[in-house]
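None of these values were measured; they are calculated from a predicted model. These numbers come from the heavy atoms of this one structure, side chains and all, not from hydrogens, waters or symmetry mates. Naming convention: chains lettered A, B, ... in sequence-line order (proteins, then strands); numbering from 1 in each chain.
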Amino acid sequence: MKHIVIVGNGVAGITAARHIRKRSAYKITVISAETKYFFSRTALMYVYMGHMKFEHTQPYENNFWEKNNIDLIQDLVIKIDNNKKTLTLQNNDSVVYDDLILATGSVPNKFGWPGQDLQGVQGLYSYQDLQKLEEKTPTKAVIVGGGLIGIELAEMLLYKKVEVTLLVREKSFWSNVLPSQESALINQLIQKHHIDLKLESELKCIHADSEGWVQSIETVDGTNIPCDFVGLTAGVSPNIGWLKDSDVESNRGILVDPYLRSNMANIYAIGDCAEHRTPPPNRRPIEQVWYTGRMMGETVAATITGNPTTYQPGPWFNSAKFFDLEYQTYGVVSNVLQAGQKEFYWEHESGNFCMHFIWNSADNKFVGVNSFGIRLRHEVLDQWLQKGARIMEVMEGLRAANFDPEFFKRHEESIVMAFNAENQNLAVKLNGKKSLIEKIFG
Amino acid sequence: MKILRTIGLLLFIIGFGIFSGIFFSNEYVLSKEGLAQHLTEKQQLLFEEKQLEHGKIYSNSFAFTKFLQSVMEQVNNSLLQDLTPTEQEINSIVQHNQGLTFSLASLDQVYNDSVESEAFKKSNFISYGNWLEGRAFNNEQEMQEALQGVANNIAQYGIVSSKGFDQYKSKYLLYALTKTSAQGPVKDYPYWMLFLTFGLSIIGASLYILPKTSMEPPGIKNNGIYHNAMSNKGWLGILTGSYLILFYVFLYFYKEHMTSWILMVDPISMFLKGQPAGEFFLYGFLYTLCILVMGVRMIIKYRHSRYQVARTISVMFFQTAFAFLIPEILIRLNQPYYDFKNIWPLDYDFFFDNELNTLIANGNLGLFMIGWGLALTIVAVPVGVYFFGKRWYCSWVCGCGGLAETLGDPYRQLSDKSVKAWKFERISIHSVLVFAIVMTAGVLYTYFTGSAEVVGISTYKIREWYGAGIGAAFAGVVGTGFYPLMGNRVWCRFGCPLAAYLGLIQRFKSRFRITTNGGQCISCGNCSTYCEMGIDVRWYAQRGQNIVRSSCVGCGVCSSVCPRGVLNLEVKDEKGRLNQPSLLGNDSFKN
Ligand SMILES: Cc1cc2nc3c(=O)[nH]c(=O)nc-3n(C[C@H](O)[C@H](O)[C@H](O)COP(=O)(O)OP(=O)(O)OC[C@H]3O[C@@H](n4cnc5c(N)ncnc54)[C@H](O)[C@@H]3O)c2cc1C
Ligand code: SF4
Ligand code: SF4
């Protein structure tokens, strides 16, 4: 019986294991160092903030794995010998495989800052990071890096009433991803939550007290900020350090072809740690998000079980939440408007809702949308993007694209009105009728 | 703001403390009026005779009821002694039946009709011994034994039930006499006590709850729920649970000890329905109060979600108007008590003969009520569930649901999500449904045929078991008492027969489903954690599958807490409701 070994029990590795099991009777072993059972790292913040217990982050009951005949080993893999098809583990006997799937995820970036390994300096990625964070509640924290994990960490610390300073290298929060309007909105939101937001501020080094605990940080422009905690959230990189001496070819991540196969015919890489040699259209070579790991897991499972399948993600989408503000994106909305594109930005006077549409000026083809505070229906957006709908069709169909719960205030009419005012040559009429609820409650 | 909340909390604790203290606040002196009200003259005399320490003050209801019980027992014993045919009398009857053939006429020789106790003995002997009339015996001893058997039956069934205090009467008297004999602050200053208990508690709770609006922006705030002794099965939760359990045990099984609380709400009851309060008036009042105060809390907590606000207002309205005020006002108008939103089989006594008879006796309104009740069960349930899902009842109308969604909201995360619990749930809730149907079928059989037994089992016994086991112990003691330990929908999930009925329709014939938004789920688990029905929502969401589960009460909290906007309660064309799990976004498998 073929033995498939998977390194890493994150969403990528576990999805692969489940789908291989669905499609075959192969022997499956998952080796992972962090925890014995799969958990959802996206929920680490909720555990810290008391929304959930750690066990709630585990999507499957503990007996699921035995029931599905998937062997779990909690250990660190330290070496691959593909000639002998053998993995060397830190504590257990070595493991022999036929096919190997690498799904080792990421590690938080550290850019060689002096003091980056001091006590009280940490990233937020793993279960161990969470434990470390829970050990001692700081009084004053500096968070380095303004991305999604940075703002989550800030929110977590605020729950424990910690004073938080957020260092952002760019001119505005997450402005390497978000257009200026949305970025400005989030800046305000951050300040409203009494976080000291320092824009265009870069970490230079971290200073320790006599016991090796962080005492203060210094920025490139020379500002000194006292603190007893530093969160390093300046992005993540593929976790492949341990592969450097192996025959598996890598660049920033493990290089894979469209079948998610590395340079070795029986070794695959999926999830955060994979780097696509030829990225699918409109996709980046490395995509460190939850659902891409899951989709790669589904795809590699088909290939390994004798149904060779190339990885073809559909149009890009993603979502996040900034404090109470939900964010969704579909298609491609770049931080600066690209040549040949047009945009329409609508913001509700409360600042709690906004939408940003992008389309090609030449043929009016819809390119993407950012939505804050309004939930959109993935299915509808996906269809529009796949078939190359025009912006007019999108505007007309906004009602059908809404995914907000019943009774919620609907904004389609104001959005379309504003759109028509700005784009008289494209003016449209909103499809569909107000529901009874909308008539009564707005 | 913080200070205001602290003061509020303090006031609440004081109010609640006084309320609890009142349980013990009364003294009891046997009241003559009470005796006169509830006892026959004869019984009063006996009672007075057996009660040795006249005017004695009992410091608590436990001592007092113990005393009452012992007096009633003594009265019963002395009645038995006086009114059971004696051996001598039996011998004498035998003597008067010389031919060894028993004749009832012989009793005239033994008992003197003009002496009341002898007349009673004689009539009892006739009722219990008439089957012996004309019977021939072989010898005197046989006859004597047969007559002794009659005397034993009389002792067992014929005396206490008509002259003394049988099980039901003494249970009732314990309550009624305790209530009339109570003395203490609630009796002397009822309005003050109302203010110091409910008044302070309401003011305190409001001060604690209302400032939240200005303290944090609207949005899901589940911060600290698992760090809190109240919401995470800590000591506070266990204490609260024990309090509730005790409350229900007293309410359903030992109401005589709750009379100080009942006395306190007498003025309200007099005002509303023109009659003094009973234990269920107290319960209804407390229940409504909890739903209203905690409803306000619920609205504030979820004020960003108009769905949550709307349905909370709805349950507050239905509880206050339909469950509490209208039935009491009906009574004031001399009409039968009726809760227009209670549906069989949750309303399990709807078909009980006494209920039906009361309604029928009340002319057109009563008949309308019967028709209304039938229509709710037969028409409103299936039609409502088809168009809206079972939520139209469970989290918009129902009183049990109303309490669960308001008072119970802090505990919703404690429901068990395991597959094991789901398996147990399916067995237990459907068993209760079957039990309710069988019980009702028996009741109706008796109603229409007049025969009290089906295959040797008394239908009265079955309904008694149902009432005590399901109606009181399950729905009340376990259903609410276990909020802080097993989540706020224990009854709705494991026991409610109406929920089972609604659920069957929701599962197989409905336009309702929870839609999963394509591939947006990040498996964080908020939805499953906060599903009060213990549904592992994430299981479906992370596979891109709609959630179609019979138990889902459509509270909408999974959709509210999801940080990625993945879930939406929708009613749409039935087509595509039971979709195959597939996650949008991966085009690798498109052919
Ligand atoms: C705090 C936080 C919030 C996030 N929020 C979101 C979000 O909202 N939306 C979103 O799309 N994405 C989010 N992400 C990103 C998302 O979680 C990741 O993209 C995803 O978890 C990657 O999954 P993976 O299976 O590739 O790797 P991982 O989940 O990182 O799993 C890899 C596993 O392999 C183990 N491993 C690595 N090397 C070895 C070895 N040599 N031997 C044994 N075991 C090894 C690791 O210990 C780890 O357990 C978030 C990430 C974090 C940290
Ligand atoms: S549906 Fe929402 S709340 Fe539930 S696991 Fe998915 S992302 Fe989390
Ligand atoms: S599935 Fe969602 S709507 Fe249904 S009961 Fe659970 S939390 Fe409420």
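Contacts between N318(A) and chain B at a heavy-atom distance below 4.5 Å involve the backbone alone (N, CA, C, O). Residue R294(A) touches chain B through its side chain alone, counting heavy-atom pairs closer than 4.5 Å. For Y60(A), the part lying under 4.5 angstrom from a heavy atom of chain B is the side chain only. Residue contact with chain B, scored on non-hydrogen atoms closer than 4.5 Å, involves the backbone and the side chain of T299(A) alike. When heavy atoms are compared at a cutoff of 4.5 Å, F403(A) approaches chain B by way of both its backbone and its side chain. When heavy atoms are compared at a cutoff of 4.5 Å, V47(A) approaches chain B solely by way of its backbone atoms N, CA, C and O. Within the 4.5 angstrom heavy-atom criterion, only side-chain atoms of E326(A), from C-beta onward, approach chain B. Neither the backbone nor the side chain of F322(A) comes within less than 4.5 Å of any heavy atom of chain B. Residue D404(A) touches chain B through its backbone alone, counting heavy-atom pairs closer than 4.5 Å. With a threshold of 4.5 angstrom between heavy atoms, E298(A) approaches chain B through its backbone and through its side chain. Contacts of L376(A) with chain B are made by backbone atoms alone, with heavy-atom separations under 4.5 Å and no side-chain atom involved. Residue contact with chain A, scored on non-hydrogen atoms closer than 4.5 Å, involves the backbone and the side chain of T515(B) alike. Heavy atoms of Y291(A) lying under 4.5 Å from chain B belong exclusively to its side chain.
The interface of residues 540-549 of chain B with chain A, defined by heavy-atom distances below 4.5 Å, comprises Q542(B). Of all residues in residues 518-526 of chain B, those placing a non-hydrogen atom less than 4.5 angstrom from a non-hydrogen atom of chain A are G518(B), G519(B), Q520(B), C521(B), I522(B), S523(B), C524(B), G525(B), N526(B). Among residues 563-574 of chain B, the residues having any heavy atom closer than 4.5 Å to a heavy atom of chain A are, in sequence order, P563(B), R564(B), G565(B), V566(B), L567(B), N568(B), L569(B), E570(B), K572(B). Within residues 409-422 of chain B, the residues having any heavy atom closer than 4.5 Å to a heavy atom of chain A are K417(B), S418(B), V419(B), listed by residue number.
Residues K53(A) and N232(B) have side chains in contact (heavy-atom distance under 4.5 Å, counting atoms from C-beta outward). With contacts defined as side-chain heavy-atom distances shorter than 4.5 Å, the pair M52(A)/N222(B) does not qualify. Contact of the F407(A) side chain with the R311(B) side chain is not registered, since no non-hydrogen atoms from C-beta on lie closer than 4.5 Å.
Counting heavy-atom pairs closer than 4.5 Å to chain A, the top-ranked of the candidates I225(B), N517(B), T529(B) is N517(B). Of the residues considered (G219(B), G224(B), S231(B)), G224(B) shows the highest number of contacts with chain A, using heavy-atom pairs under 4.5 Å. Annotation: maximal heavy-atom pairing with chain B below 4.5 Å, among A43(A), S319(A), A320(A), occurs at S319(A). The candidate from D536(B), N223(B), I220(B), N228(B) with the greatest count of non-hydrogen atom pairs under 4.5 Å with chain A is N223(B). If you tally non-hydrogen atom pairs under 4.5 Å between each of S40(A), G314(A), P59(A), P313(A) and chain B, the highest count goes to P59(A).
Put simply, the side chain of R306(B) never gets that close to the backbone of P405(A): no donor and acceptor are under 3.5 Å apart. Looking only at distances, no side-chain donor or acceptor of D587(B) sits under 3.5 Å from a matching main-chain atom of Q312(A). In terms of modelled atom types and a separation under 3.5 Å, the side chain of Y530(B) and the main chain of H51(A) share a donor-acceptor contact.
Heavy atoms of other residues, nucleotides or ligands lying less than 6.0 angstrom from CD of E379(A) number 12 at most. Counting non-hydrogen atoms of other residues, nucleotides and ligands closer than 6.0 Å to OH of Y208(B) gives a total of 12 or fewer. Other residues, nucleotides and ligands contribute at most 12 non-hydrogen atoms within 6.0 Å of the CE atom of M1(B). By the 6.0 Å contact criterion, CZ on F64(A) is enclosed, its count of non-hydrogen atoms from other residues, nucleotides or ligands being greater than 12. Around atom CG of N282(A), no more than 12 heavy atoms belonging to other residues, nucleotides or ligands sit under 6.0 Å away.
Residues F589(B) and A302(A) approach most closely at CE2-CB, 3.7 Å, considering heavy atoms. Summarising the geometry of M49(A) relative to H227(B), their closest heavy-atom pair is C-CE1, 4.0 Å, with the distance given to 0.1 Å. Here the closest non-hydrogen pair linking T309(A) and S588(B) is CG2-O, 3.5 Å.
Note: E55(A) CD to Y226(B) OH = 7.5 Å, rounded to the nearest 0.5 Å.
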